[in-house]
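Structure, as structure tokens:
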Amino acid sequence: AEPYLLLALREDSSQGVRGTAARWLARIALHSEEDVRTRLYGVLVERYDAEARMMDVRAALTESLSHDALELQRLFPGRALTTAALESSAPRA
């Protein structure tokens, strides 16, 4: 499933399809070995930057990765998705 999800994330014209692919890839990454998780998170971090005007996809990425924000911080410090995931996972006052 991963190759098809990656293809959909990169090439599908629908924000909904790209957002769903991002959610599934984040789930796969969460339950994978560290090398797979690092590779998939890298793809998702790059995609977040590429989706600058596509708020549905960016929201899906942020929501899907907020539970693993500290791992993102370790692997990809200073990236826009890392910052968004950290903010999303922060306790509300």
Side-chain angles (χ1 to χ4, degrees):
E2 183 185 321
Y4 298 106
L5 291 169
L6 288 168
L7 182 65
L9 180 68
R10 290 183 176 126
E11 297 183 12
D12 200 281
S13 61
S14 167
Q15 283 191 61
V17 170
R18 292 193 313 274
T20 300
R23 284 186 179 100
W24 278 106
L25 287 166
R27 288 178 185 159
I28 291 169
L30 180 64
H31 298 289
S32 296
E33 299 292 325
E34 184 170 355
D35 60 328
V36 174
R37 182 174 36 256
T38 300
R39 180 176 51 80
L40 289 178
Y41 280 0
V43 168
L44 296 173
V45 164
E46 291 296 324
R47 192 70 231 165
Y48 188 87
D49 291 344
E51 296 282 352
R53 294 178 178 221
M54 305 300 171
M55 298 312 294
D56 291 346
V57 179
R58 288 180 77 129
L61 285 163
T62 301
E63 178 184 310
S64 297
L65 296 171
S66 64
H67 62 277
D68 212 9
L70 295 178
E71 181 71 1
L72 276 175
Q73 177 65 25
R74 184 180 73 81
L75 296 170
F76 305 100
R79 298 298 297 265
L81 178 56
T82 302
T83 302
L86 286 167
E87 289 172 359
S88 179
S89 67
R92 306 289 184 245

* Is it true that R39 and E2 make a salt bridge, defined as a side-chain N closer than 4.0 Å to a carboxylate O? -> yes
* Asked: Is the backbone N or O of E63 less than 3.5 Å from a side-chain atom of S66, with the two atoms forming a donor-acceptor pair by type?
  -> yes
* Determine, using the 4.5 Å side-chain heavy-atom cutoff (strictly less than), whether L9 and V17 are members of one ILVMFWY cluster. => no
* Worked check of side-chain contact (heavy atoms from CB on, under 4.5 Å) between R37 and D68 -> CA-CA 11 Å; R37 182 174 36 256; D68 212 9; 3.8 Å; yes
Counting only pairs under 3.5 Å, give me each side-chain donor-acceptor contact of residues 21-35, with atom names and distances, residues two or more places apart or in other chains.
unit_1	atom_1	unit_2	atom_2	d
S32	OG	I28	O	2.5
E34	OE2	R74	NH2	2.6

* Asked: Would you say T82's side chain and P77's backbone share a donor-acceptor pair under 3.5 angstrom?
  -> no
* Could you grab the distance from atom CG of L40 to atom CG of L5, nearest 0.5 Å is fine? => 9.5 Å
* Asked: Got a sec, which pairs hit salt bridge (charged side-chain N to carboxylate O under 4.0 Å, His left out) with one end in residues 11-21, sequence neighbours left out?
  -> R18-E51
* To do: Spell out, yes or no, whether L75 and L86 are grouped together once hydrophobic residues are joined by side-chain heavy atoms under 4.5 Å, including indirect joins.
  => no
* Honestly curious: do L72 and V36 fall in one hydrophobic cluster under the side-chain, below-4.5 Å linking rule? -> yes
* Test item: S89 side-chain N/O and A85 main-chain N/O as donor-acceptor pair under 3.5 Å -> yes
* To do: Give the cluster check for L81 versus L6: same hydrophobic cluster or not, with ILVMFWY residues linked at side-chain heavy-atom distances below 4.5 Å.
  => yes
* Identify whether NZ of Lys or CZ of Arg in R79 sits under 6.0 Å from the centre of the six-membered ring of Y48 and within 45° of that ring's axis. => no
* Asked: In the single-linkage hydrophobic clustering (I, L, V, M, F, W, Y; side-chain heavy atoms under 4.5 Å), do L65 and M54 co-cluster?
  -> yes
